[in-house]
Engineer: 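Sharing a structure below in structure tokens format, with a few things to ask.
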Amino acid sequence: MRGVWLFLHVIGFAAWMGGGLAMMLAGITARNFSPEERLAVYRATSVVARNLVGTGALLVLVSGFVLSVPYFQATMPGWLMAMQGLGLVGAVIAIGIVAPTAARMGRLQLDPRGELPESFAGLRKRQAIFATIAGVFALLALVAGTVMK
């Protein structure tokens, strides 16, 4: 059974990081698009955020907790505590900030002049900052669970 949970943990991490990288590349590429095309890209990335980033981060949290249960009765190794703490912070940011912000961006419409709405710039900046922070925490958790082990 441990193998199944480990598989789910790795798949969740791949979905989380892969979705995050796809969102980043789409956002960078969309900078040169017309406002209408740019919002279409953000509608697509909102689906990626919900289905890959948010779901992957949640799967990592649940499977990580289950995989950690045997360590609850003994002294927990430092690498595991680091992986849990860093992964928890990254996942909470991904689930609590990144996915909802992407959903809001996916619902944006052009203003009456055919331009991006005023809220776009703030949401895009928030998304870039917090998605980067969540990704860094996830990668640090990965380093803790592999290199430090």
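Note that the structure is a prediction, hence the values are computed from the model and not measured. Basis for what follows: all heavy atoms, side chains included, without hydrogens, waters or symmetry-related copies.
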Engineer: For V47, what residues pass the side chain to side chain contact (heavy atoms under 4.5 Å, CB included) criterion, not counting sequence neighbours?
Structural biologist: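 V47 satisfies side chain to side chain contact (heavy atoms under 4.5 Å, CB included) with R50, N51 once adjacent residues are dropped.
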
Engineer: List in chain and number order the residues that pass ring pair (Phe, Tyr, Trp, His ring centres under 6.0 Å) with F120, two or more places apart in sequence or in another chain; answer none if no residue qualifies.
Structural biologist: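 F120 satisfies ring pair (Phe, Tyr, Trp, His ring centres under 6.0 Å) with Y42 only.
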
Engineer: Provide the full list of side chain to side chain donor-acceptor pair (under 3.5 Å) pairs with a residue in residues 80-94, sequence neighbours left out, each pair given once.
Structural biologist: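 Those involving residues 80-94 are S68-Q84.
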
Engineer: Taking side chain to side chain donor-acceptor pair (under 3.5 Å) as the cut-off, I'd like each qualifying pair that reaches into residues 3-20, sequence neighbours left out, listed once.
Structural biologist: H9-S63

Engineer: To the nearest 0.5 angstrom, please state how far the CD atom of Q127 sits from the OG1 atom of T45.
Structural biologist: 7.0 Å

Engineer: Can you see which heavy atom on V48 is nearest to which on G19, and at what distance?
Structural biologist: CG1-O, 3.6 Å

Engineer: Looking at every non-hydrogen atom in both residues, tell me the closest pair between I93 and A134 and how far apart they are.
Structural biologist: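 Looking at all heavy atoms of both residues, the closest pair is CG2-CB, 3.8 Å.
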
Engineer: Remaining members of V41's ILVMFWY cluster at a side-chain heavy-atom cut-off under 4.5 Å?
Structural biologist: F33

Engineer: Output, in order, the C-alpha distance, side-chain angles, deciding distance and verdict of side chain to side chain contact (heavy atoms under 4.5 Å, CB included) for R38 and L116.
Structural biologist: CA-CA 9 Å; R38 199 167 183 189; L116 294 170; 3.8 Å; yes

Engineer: Kindly write out the residues that satisfy side chain to side chain donor-acceptor pair (under 3.5 Å) with T101, not counting sequence neighbours, or none if the list is empty.
Structural biologist: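 Expected list: R126.
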
Engineer: Return the minimal non-hydrogen interatomic distance between A57 and A94, and the atom names on each side.
Structural biologist: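 Reported closest heavy-atom pair: CB-CB, 4.1 Å.
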
Engineer: Considering only heavy atoms from C-beta outward, does the side chain of L139 approach that of M17 to under 4.5 Å?
Structural biologist: yes

Engineer: Indicate the atoms forming the closest heavy-atom contact of G20 with V53, along with that distance.
Structural biologist: N-CG2, 3.5 Å

Engineer: Sort and list the pairs that fulfil ring pair (Phe, Tyr, Trp, His ring centres under 6.0 Å) and have at least one residue in residues 46-80, not counting sequence neighbours.
Structural biologist: F65-F72

Engineer: Could you give the distance from CD (E115) to CD (E36), rounded to the nearest 0.5 Å?
Structural biologist: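 That separation rounds to 11.5 Å.
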
Engineer: How many angstroms lie between CE in M23 and CD1 in I28, if you round to the nearest 0.5 Å?
Structural biologist: 12.0 Å

Engineer: Who else is in the cluster with V143 when I, L, V, M, F, W and Y are joined by side-chain contacts under 4.5 Å?
Structural biologist: V147

Engineer: List for me each residue that meets side chain to side chain contact (heavy atoms under 4.5 Å, CB included) alongside A44, sequence neighbours excluded, and say none if there are none.
Structural biologist: none

Engineer: Kindly work out whether a path of hydrophobic side-chain contacts (I/L/V/M/F/W/Y, heavy atoms less than 4.5 Å apart) joins V66 to F7.
Structural biologist: yes

Engineer: To the nearest 0.5 Å, tell me how far T75 OG1 sits from L80 CG.
Structural biologist: 12.0 Å

Engineer: OG1/T29 to CD/E37 distance, rounded to the nearest 0.5 angstrom?
Structural biologist: 12.5 Å

Engineer: Do L8 and L142 share a hydrophobic cluster, counting only Ile, Leu, Val, Met, Phe, Trp and Tyr and linking them when any side-chain heavy atoms are less than 4.5 Å apart?
Structural biologist: no

Engineer: Would you kindly confirm whether V62 and I11 end up in one hydrophobic cluster when ILVMFWY residues are joined by side chain heavy atoms under 4.5 Å apart?
Structural biologist: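 Yes, it is one cluster - the side chains of V62 and I11 are joined through contacts under 4.5 Å.
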
Engineer: Please check if the side chain of S46 supplies one atom and the backbone of R43 the other of a donor-acceptor pair under 3.5 Å.
Structural biologist: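 Yes; at least one donor-acceptor contact below 3.5 Å.
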
Engineer: Listing request: all ring pair (Phe, Tyr, Trp, His ring centres under 6.0 Å) pairs with a residue in residues 129-149, at least two apart in sequence or in separate chains.
Structural biologist: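 Listed by first then second residue: nothing to list.
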
Engineer: Test: salt bridge (charged side-chain N to carboxylate O under 4.0 Å, His left out). Region: residues 94-111. Which pairs qualify, not counting sequence neighbours?
Structural biologist: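 For residues 94-111, and leaving out neighbouring residues, the salt bridge (charged side-chain N to carboxylate O under 4.0 Å, His left out) pairs sorted by first residue read D111-R113.
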
Engineer: What's the shortest heavy-atom distance between A141 and G87, and which atoms?
Structural biologist: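 Where A141 meets G87 most closely, the heavy atoms are CB-N, 3.6 Å.
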
Engineer: Report yes if some heavy atom in the side chain of R31 is under 4.5 Å from a heavy atom in the side chain of R124; otherwise report no.
Structural biologist: yes

Engineer: Between I95 and I97, is there shared hydrophobic-cluster membership here, with clusters defined by ILVMFWY side-chain heavy atoms closer than 4.5 Å?
Structural biologist: no

Engineer: Do I129 and V89 share a hydrophobic cluster, counting only Ile, Leu, Val, Met, Phe, Trp and Tyr and linking them when any side-chain heavy atoms are less than 4.5 Å apart?
Structural biologist: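 They do share one cluster, since a chain of ILVMFWY contacts under 4.5 Å joins I129 to V89.
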
Engineer: Name all pairs fulfilling the side chain to side chain donor-acceptor pair (under 3.5 Å) condition that reach into residues 132-149, sequence neighbours left out, sorted by first residue then second.
Structural biologist: none

